[in-house]
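To keep things clear, I will list the structure first and then write my remarks on it.
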Amino acid sequence: MIKKKSYQVGVMLRWLVGPICQMHRLLRTTASRGCIRQRHRLLSAVAGGDQPIRDLPPTTCAVPWNRLLCAHICRSRPDLALALYRRMRALCPALPNTYTLPLALRAATSPRIASAIHAHALHLSLHAHPDVAGQLLAAYARHGRPDEARHVFDAMPSKRTTMSWNTLISAYSVCCDPDSAMATFGRMAAAADEALPDAVTWTTLLSAHARCGKHPVVLELFGDMHRSGCEGNAESVAVALSACPYAGDLALGKGRAIHGYGVAKGVVRGYLFVTNSLVCMYGKLGKMDDARKVFGEAGEKNTVTWNALVTSYAASGMCDEALDVLVRMEQRGGMAAPNVVSWSAVIGGFASSGDNERALELFRRMQRRWLSPNVVTLATVLSACAELLAVRLGREVHAGAIRSMLDRHSLVANGLINMYAKCGRVAYARTVFDGMKSRDLVSWNSMLASYGMHGLCDDALAVFADMAEAKVDPDGVTFVAVLSACSHAGRVSEGRRLFDQMILEHRISPSMEHYTCMVDLLGRAGLLKDASELIETMPVGADLCVWGALLNSCRIHGDAAMAEATIAKVLQAGAETTGNHTLITNLYAACGMWDESKRVRVMTREAGLRKSPGQSWIEVKNKVFAFVAGSVPPSMPGAEEIFRVLDDLYSEMDDERHTMEHDHHIVSV
DNA sequence: ATAGGGTTAG
């Protein structure tokens with residue numbers, strides 16, 4: 001109770017002191033210009049938080065209000081600016097003018113607030129004023145509301161300027177709609193008498209494509225920009241560089257070319273954004289020497305520059321070096337302290353290198369620094385939890401996500417679905433899925449895969465139907481999920497129908513994974529001939545997974561002839577991996593062909609191939625124990641006890657089986 | 001007292 005009260009006092013003080021200090025300064029600096037009485041009234045209005053609003057005298061001049069609004073915005077306190085604007089409206093509803101509304105709009109932190117101010121503008125008949133309309137457009141654009149932005153844009157009374165076109169295009173960029181951005185750019189070019197595209201227009205267009213992964217288009221547009229006679233500037237060079245790593249074989253060549261272009265245009269040295277892009281570009285392409293060189297030559301560095309170096313090391317698989325840089329950032333202190341991005345990069349680096357334990361350890365360390373994770377951090381951590389089956393930490397992360405209201409974000413929710421599914425909690429996965437406000441393709445695919453991996457084919461098919469109902473177009477991943485669900489449940493006709501549907505209706509050409517699913521589906525059901533025929537129809541040669549699926553089916557159904565024929569084909573195709581050799585060995589053994597089995601085993605050993613043993617994990621009290629068949633994890637507490645219970649269970653199972661065999665004449669396989 | 005574009009983490 002006491003704590004709450006003092007908290008409230010603190011909030012009030014902060015609320016009041018800021019404006020009052022500024023008000024005093026205002027009174028001092030502008031006293032000679034008159035309006036003293038009004039300023040006194042305003043001061044009492046701002047300070048009189050406890051007085052009933054209607055008892056305060058109304059002011060008639062908007063200037064001091066506007067000055068104060070501007071001061072709050074310049075100090076990055078949109079909350080205080082908005083509170084002041086509300087107070088202004090409450091005290092004197094007619095006072096906001098063509099300066100006030102743009103200022104309030106700059107402080108709008110959500111599209112809802114922008115809409116409310118829009119309504120005020122309409123009510124005050126100020127919506128058509130160029131400044132108000134311009135800032136309305138900007139506010140809607142910032143929040144990625146292209147429909148509202150378009151509405152304002154179309155209603156703008158004055159001649160459209162390059163700037164208003166640019167703002168409209170940025171609305172499409174923010175909400176990841178590059179096609180509409182492009183279409184708008186086309187309309188702008190068609191209305192060339194009105195306004196001509198400038199460097200900002202091109203940069204906006206570039207970023208519209210960059211931000212949603214259309215990197216090849218970015219590089220094309222960068223060329224178009226140059227060809228259209230528009231000089232590349234620092235901003236556009238930065239975006240173009242960020243797209244280079246995804247250009248395939250030409251990536252490094254393009255990167256170096258644009259680097260050179262930037263040097264020629266004089267936008268490399270002293271332009272931090274370009275420096276940062278360069279470090280990251282070289283790092284992503286594994287050119288650590290170049291990345292380090294650019295980093296070293298940069299005079300001024302900020303957090304992003306350091307993060308680019310961290311990212312570069314992480315992307316090159318040098319996780320320990322990435323961590324070293326982060327530690328160096330911490331020790332240096334000052335302006336470039338590590339932030340969420342730095343930590344997420346290192347955590348992600350360890351996670352993608354397979355060291356999920358280390359990733360989670362670092363997440364704990366980040367929490368100890370009182371840094372709040374964001375959606376990217378949470379997605380990364382949840383994926384590590386899923387890999388380690390660390391459901392307790394996963395639930396803890398879920399709880400944290402709920403507290404910070406990030407749990408319904410698609411990145412986090414998709415991570416949660418995957419984590420719960422992998423940890424065997426399909427029902428939780430479904431709850432998260434149902435609670436999402438908007439589901440993307442990954443959400444649907446994750447849910448499908450969840451049911452698939454638990455053998456719940458009917459549920460998977462129901463989700464697939466819902467997906468069609470929700471008008472979400474399936475992709476290749478979707479079909480891998482449904483086909484494998486069918487395969488595990490032995491739903492042959494359903495699977496065949498889906499495979500055809502995928503090719504004919506959705507125009508998705510089947511990948512190796514799809515063929516593997518189908519061969520598995522047919523093979524497991526005993527349709528070995530059909531499976532083998534499907535392999536024959538494949539446009540490209542089957543890979544080891546496909547052959548493996550067929551061999552596995554031969555083993556299940558004890559078809560030695562088919563197995564031998566298959567093995568001949570595999571060996572003929574020159575397939576040489578341990579996995580398959582082991583499979584072949586086991587297969588011969590299963591068919592009773594011991595000599596052949598031994599022969600392959602010897603061959604394997606001579607080829608220097610050794611299979612690393614498959615591992616399993618179990619999570620006990622937030623700690624994950626890995627074990628292989630026949631071994632005891634040394635750190636496992638109470639291992640002896642566990643094995644005693646296991647022994648008891650085994651003997652009970654044995655008794656049970658003998659009884660069953662006796663009663664039902666079931667012969668165990 | 002007022003406007004649009006840029007780099008880093010999945």
Side-chain angles (χ1 to χ4, degrees), chain A residues 62-71 73-74 97-106 129-139 141-142 149 161-171 173-174 195 197-208 210-211 213 232-243 267 271-281 283-284 298 302-312 314-315 322 326 336 338-349 351-352 373-384 410-412 414-415 442:
Chain A
V63 174
W65 289 98
N66 295 346
R67 283 223 165 105
L68 205 43
L69 274 172
C70 191
I73 290 165
C74 291
N97 62 15
T98 58
Y99 288 93
T100 319
L101 293 173
L103 285 166
L105 282 164
R106 276 174 73 192
H129 188 279
D131 294 349
V132 177
Q135 202 49 245
L136 269 171
L137 178 61
R142 258 200 315 278
T161 59
T162 299
M163 196 183 274
S164 50
W165 279 104
N166 292 351
T167 313
L168 181 61
I169 296 172
S170 81
S173 169
V174 170
D198 63 3
V200 177
T201 320
W202 282 101
T203 311
T204 313
L205 203 57
L206 291 176
S207 83
R211 118 172 39 213
N233 56 1
E235 287 82 0
S236 54
V237 167
V239 186
L241 283 170
S242 75
V267 295
Y271 287 81
L272 210 47
F273 274 94
V274 179
T275 304
N276 299 346
S277 264
L278 278 170
V279 172
C280 199
M281 184 269 291
K284 280 208 177 110
N302 62 11
T303 309
V304 178
T305 321
W306 284 89
N307 286 350
L309 190 67
V310 173
T311 312
S312 297
L326 185 137
N339 60 12
V340 218
V341 177
S342 335
W343 283 94
S344 305
V346 178
I347 293 170
S352 53
N374 65 12
V375 288
V376 177
T377 327
L378 293 176
T380 313
V381 169
L382 284 169
S383 141
S410 62
L411 256 179
V412 179
N414 296 346
V442 179

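Bear in mind that the values here come from a model prediction, so they are computed numbers and not experimental data. Below, chains carry the letters A, B, ... as their sequence lines are ordered, and counting in each starts from 1.
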For A:V376, is there any backbone N or O sitting under 3.5 Å from a side-chain donor or acceptor partner on A:T380? yes
Give the B/S/- string for nucleotides 3-10 of chain B, one per nucleotide from 5' to 3', where a protein heavy atom under 4.0 Å of the base yields B, of only the sugar-phosphate yields S, and otherwise -. BBBBBBBB
Looking only at side chains, do A:N339 and A:T303 share a donor and an acceptor under 3.5 Å apart? no
We want to know whether A:N166 and A:T204 form a side-chain donor-acceptor pair, criterion being a heavy-atom distance below 3.5 angstrom. no
Checking A:T161 against A:S164 for the side-chain hydrogen bond (donor to acceptor under 3.5 Å, both in side chains) test, could you report, in this order, the C-alpha distance in whole Å, the side-chain angles of both residues, the deciding distance, and whether it holds? CA-CA 5 Å; A:T161 59; A:S164 50; 3.2 Å; yes
Contacts of type ring pair (Phe, Tyr, Trp, His ring centres under 6.0 Å), residue A:W165, not counting sequence neighbours: A:F153
